[in-house]
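Computed from a prediction, not measured in an experiment: that's the story for all the values here.
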2 protein chains.
Amino acid sequence: MSTIGKALALLDTLSRLDKEAGLTDIARLCALDKATARRFLVELEKHGFVEQDLETRRYRIGSAPVRLARIREARFPLLRIAIPFIRTLAESSTETVHLSEFSAGRLSTVHVEDSPRAHRITVDVGSFLPFHATASGLAFLAFCPQAEIDEALAKPLEKFTDHTVVDPQLVRVMLDETAARGFSISHNGLEAGVVSTAAPIRTPNGHPIGCVAIAAPFSRITKAAIHEFGAQAAAAANAISEKYYGSERPMGTIPEIRRTD
Amino acid sequence: MSTIGKALALLDTLSRLDKEAGLTDIARLCALDKATARRFLVELEKHGFVEQDLETRRYRIGSAPVRLARIREARFPLLRIAIPFIRTLAESSTETVHLSEFSAGRLSTVHVEDSPRAHRITVDVGSFLPFHATASGLAFLAFCPQAEIDEALAKPLEKFTDHTVVDPQLVRVMLDETAARGFSISHNGLEAGVVSTAAPIRTPNGHPIGCVAIAAPFSRITKAAIHEFGAQAAAAANAISEKYYGSERPMGTIPEIRRTD
DNA sequence: AGCTGTGGTTCAAATAATGAACCATAAGCG
DNA sequence: CGCTTATGGTTCATTATTTGAACCACAGCT
């Protein structure tokens, strides 16, 4: 693997830790030599991607990504556009609504509007959403070209709960249903007791870039309500797609796109 | 230079471009071979730090920094803490107030609250603030250890306007004044017709991490008003420092700190 | 004292980065 | 139409960088 790749993987590892980490831990987690890890950290620090607490000598994510993120957002303001829709959806559904974005081969949570109810689902910003085990993942994949679906399902699928579907063939059935409906539904895929529905935000040529999802406790949700939420998520996702990419060809087609209707 | 450093420098260059850039331009701007630039871009793209527009083949900042920035902010929420203060200051002063953060050896703008007035100063988020030519830069440097001041003033100082002070000795005088007052004042340092005042946000041991600055058109500002704004900026910066780092030792001292009184 | 854990450094050996020359394609033009 | 000049992208022998076992220095503990 390239040096750059390893350094960025270190950054990724560091970002997924709950707390600041010491040199030895970082080296071990990244399967790097201590000397190598240190050189990477020093180099990343020079550019502001990590910073070292001078007292504890531990490392954390620096402020350079903040600057880059701001520039990215200024030029490509998905969040600014999406948040009002997410918020509206959270208010009307009174359930937790979250927005995810595809990045570096994975779907990660970029914004969450919590349900106002005491009994609610919580989703962490920054958390990853496995393709086969979350409504967001299914919604994303269902609208991807076949090649990407094959690639995602070629790897072994992790079983997060008793109900996680790990058979690629069954996942494909769910993808077909999702493509047909326009939104996905996931029962207890990642965590027990949670039901979610999601719909993809897509480029003008139909390729997904992220998802809008609604998550609710299984105990209080009827089948009809799930479908209603799904339809609302799809409407919001489409509205975001349209606003994000301008009004040029709201929804085009790419050859491989999956459609049933 | 290390490969990682070169790749991150490429990312930095890309971030400072106004628009998306092609391979040849990027290679030229970074003084890299086309093949090398391409390998870097591919590697950065794998990790989501850049993305390529599939139609124009041009590259832009990707969404990975957005994820990292969110995590950084979640754990280290300077902005969340600072924004209310900045906003209050913008309202009370009716001038443009901005917040900068030190990162990768430079001071960059991370938040701006615009003046409600029609005639106002505009500051771009993401823009860099030279140490010798802006109120923020002076305020930051004035509270740095002597070694860092020497380092910053060792390089040639760029002349942005007719009034930019580029003589290191004169800059040192301004730093002494700033340290004595607790806030800096800059007249026409970066742009003509602008007067700014700034104060540093500091760690508990006194080291600056960023600045709060107020910028106003020279034409409508009296000397008394500038000093009043400066005092307000200093109060806001101290309040942010205190809230950001908890209430432990609101303002300590480091041996090398500059004091005139 | 000695032990064990940190963070951090060194330098010969191993490996990955480099870039001149290359291809393919597209646009501009006499 | 063919020629020129751009572009993005690729190859592979040469070269420079990365690598990691062994090494300090220090701190806390028994």
S.K.: Please report, rounded to the nearest Å, how far the P atom of dG7(C) is from the CD atom of Glu20(A).
M.R.: 13 Å

S.K.: How would you label the contact of Glu43(B) with the nucleic acid (heavy atoms, under 4.0 Å): base, sugar-phosphate, or nothing?
M.R.: nothing

S.K.: Establish, with yes or no, whether the OP1 or OP2 oxygen of dG9(D) is under 4.0 angstrom from a side-chain nitrogen or oxygen of Arg57(B).
M.R.: yes

S.K.: I need the CD-P distance between Gln52(B) and dT7(D), as an integer number of Å.
M.R.: 15 Å

S.K.: What pairs with Phe183(B) under ring pair (Phe, Tyr, Trp, His ring centres under 6.0 Å), at least two apart in sequence or on another chain?
M.R.: His227(B)

S.K.: Rounded to whole Å, please give me the gap between CZ in Arg58(A) and C1' in dG7(C).
M.R.: 11 Å

S.K.: Is the shortest heavy-atom distance from the side chain of Phe49(A) to the side chain of Phe49(B) under 4.5 Å?
M.R.: yes

S.K.: I'd like a table of atom pairs between the protein and nucleotides 18-20 of chain D - only N or O on both sides, under 3.5 Å - with the distance next to each one.
M.R.:
{"residue": "dT18(D)", "atom": "OP1", "partner": "Thr3(B)", "partner atom": "N", "Å": "2.7"}
{"residue": "dT18(D)", "atom": "OP1", "partner": "Thr3(B)", "partner atom": "OG1", "Å": "3.1"}
{"residue": "dT19(D)", "atom": "OP1", "partner": "Lys6(A)", "partner atom": "NZ", "Å": "2.5"}

S.K.: I'd like to know if Lys34(B) reaches the base of dG19(C) with its side chain such that a donor and an acceptor end up less than 3.5 angstrom apart.
M.R.: no

S.K.: Tell me: CG of Leu23(B) to P of dG19(C), nearest whole Å?
M.R.: 14 Å

S.K.: With respect to the phosphate group of dG8(C), does any side-chain polar atom (N or O) of Arg38(A) fall under 4.0 Å of OP1 or OP2?
M.R.: yes

S.K.: Whole angstrom is fine here: how far is it from CZ in Arg28(B) over to P in dG19(C)?
M.R.: 17 Å

S.K.: Rounded to whole Å, please give me the gap between CG in Asp53(A) and P in dT6(C).
M.R.: 18 Å

S.K.: Give every residue pair that meets the side-chain hydrogen bond (donor to acceptor under 3.5 Å, both in side chains) criterion with at least one member in residues 1-11 of chain A, sequence neighbours excluded.
M.R.: Ser2(A)-Glu43(B)

S.K.: Can you list everything that forms a salt bridge (charged side-chain N to carboxylate O under 4.0 Å, His left out) with Asp25(B)? Sequence neighbours excluded, please.
M.R.: Arg28(B)

S.K.: Considering residues at least two apart in sequence or located in another chain, which fulfil the side chain to side chain contact (heavy atoms under 4.5 Å, CB included) criterion with Arg60(A)?
M.R.: Glu20(A), Glu51(A), Asp53(A), Arg72(B), Phe76(B)

S.K.: Among residues at least two apart in sequence or on other chains, which ones pass side-chain hydrogen bond (donor to acceptor under 3.5 Å, both in side chains) with Arg38(A)?
M.R.: none

